[in-house]
Amino acid sequence: MTDPGTQPGWVPEADAEDEEEEMPLSLRLSIADTLTLGNATCGFMAVYFTTTGILIPHLTGSQETGMARHSAATAVILMLCAAVFDLFDGLVARKLRSSPMGAELDNLSDLISFGLAPAYFVLVYGMVADDAHQRVAAVGAIVVLLAVVLRLARFSCVTPTNGMFQGMPSPFGALTVVAIVLLELPFVATLLAILGTAWLMVSRVEYPKPRGRLAGAMLTWIVLSMGLLVAWAFGAPSGQLLLQTGCALQLVMGAVIPLFATARRVNNFRDNRREARAAQP
């Protein structure tokens, strides 16, 4: 009689149960993953409000401009909330644990909130603005979407060094694109600024990672931007001026950071050359 314990392929019942309990662990969501899903939800709802509150009223000939203003503000606030989720999911993942799906979830959520949502915002702008050209705006929207796709793909392949990103981070780029649209500049100037922002996202210009004081400053800026959007949406006195000021500051930051990064790189190059010359006999 053969000993059951020596039969080939036999697995103890307890071990089989342990494997069944261990396999789902890799699929369980962590707290950081939940924040990441909040990011994706905000991006999707931004598309929803852009469609129902701006595009559909325009296509149906509705004259309710207040609805369009409220919906535009809501869509942008949702993108800002997505940026908050994106900021905190990384902080939580470093403090606590994250699941093996964390990196993939983060990229997919960022694609929705900072790729699809702002690109769709640009597309709708091209359809509803008086001086816009729909097909040209559609090309600009595609460029924004592809820039974010390339930015996220490169981020997955390249490890950031010295606490710096290569290229404008996608949340910052998305908010800059939306700020350009809300400024209501002439169409050509708007399109050029949008294309410039898309280029910065795929460029090798260095941007600092939002950590420590910089993360706090970024969160403060987002909260302030939300307040300006709410004031503008509800027709507060000087709300339009406050909104334009906030959007202009976003554009200034988007332009100044690359200048500082370039100046820093040039200074480092000069210092290295001086040290190399000094080391020569």
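When a residue number appears, it is its place in the shown sequence, counting from 1.
Placement of Leu80 and Leu183 within a single hydrophobic cluster is found when ILVMFWY residues are connected by side-chain heavy-atom separations under 4.5 Å, directly or transitively. No continuous path of ILVMFWY side-chain contacts below 4.5 Å connects Leu241 to Leu182, so the two sit in separate hydrophobic clusters. By the criterion of side-chain heavy atoms lying less than 4.5 angstrom apart, applied directly or through intervening Ile, Leu, Val, Met, Phe, Trp or Tyr residues, Phe155 is not grouped with Leu146; the two fall into different hydrophobic clusters. Under the 4.5 Å side-chain heavy-atom criterion for grouping Ile, Leu, Val, Met, Phe, Trp and Tyr, Leu108 is not connected to Leu145 through any hydrophobic cluster. In terms of hydrophobic clustering, with Ile, Leu, Val, Met, Phe, Trp and Tyr side chains grouped at heavy-atom distances under 4.5 Å, Phe85 and Tyr48 are assigned to different clusters.
The side-chain heavy atoms of Asp89 and Thr34, taken from C-beta on, include no pair separated by under 4.5 Å. In this structure, Val148 and Met201 have side chains that are in contact, with non-hydrogen atoms separated by less than 4.5 Å.
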Notebook entry, point to check: So Leu116 and Leu111, side chain to side chain contact (heavy atoms under 4.5 Å, CB included) or not? Walk me through it.
Noted result: CA-CA 6 Å; Leu116 176 63; Leu111 179 59; 5.9 Å; no
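Within the 3.5 Å criterion, the main-chain N or O of Gln166 finds a donor-acceptor partner in the side chain of Arg154. With hydrogens and angles disregarded, no donor-acceptor distance shorter than 3.5 Å links the side chain of Asn39 to the backbone of Asp86. Without hydrogens or angle criteria, Thr60 side chain to Pro57 main chain gives a donor-acceptor distance under 3.5 Å. A donor-acceptor distance shorter than 3.5 angstrom exists from the side chain of Thr190 to the backbone of Leu185, with no hydrogens or angles considered.
Among all heavy-atom pairs drawn from Ile112 and Gly43, the shortest one is CG2-C, 4.0 Å. Heavy-atom minimum distance, Ser109 versus Ala40: OG-CB, 3.4 Å. Here the closest heavy-atom approach between residue Phe172 and residue Gly254 is recorded as CE2-CA, 3.6 Å. Scanning both residues, Ile222 and Ala83, for their nearest heavy atoms gives CD1-CB, 3.9 Å. Minimum interatomic distance between Met79 and Phe114 (heavy atoms only, all atoms of both residues): O-CE2, 3.9 Å. The nearest pair of heavy atoms linking Phe49 to Ser71 is O-CB, 3.6 Å.
Annotation: the span from Asn107 atom CG to Arg151 atom CZ amounts to 10.0 Å, rounded to 0.5 Å. Summarising the geometry, atom OG belonging to Ser113 is positioned 12.0 Å from atom CE belonging to Met45; distances are rounded to the nearest 0.5 Å. Rounding to the nearest 0.5 angstrom, the gap separating the OH atom in Tyr125 from the CD1 atom in Ile194 is 7.0 Å. Of the inter-residue distances, the one linking Leu242 atom CG with Leu229 atom CG reads 11.0 Å to the nearest 0.5 angstrom. With rounding to the nearest 0.5 Å, the separation of OG1 in Thr50 from OH in Tyr120 is 7.0 Å. To the nearest 0.5 angstrom, Leu87 atom CG is 10.5 Å from Leu35 atom CG.
Within 6.0 Å of the CZ atom in Phe187, the count of heavy atoms belonging to other residues, nucleotides or ligands exceeds 12.
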Donor-acceptor list for residues 136-144 side chains, cut-off 3.5 Å, not counting sequence neighbours:
none

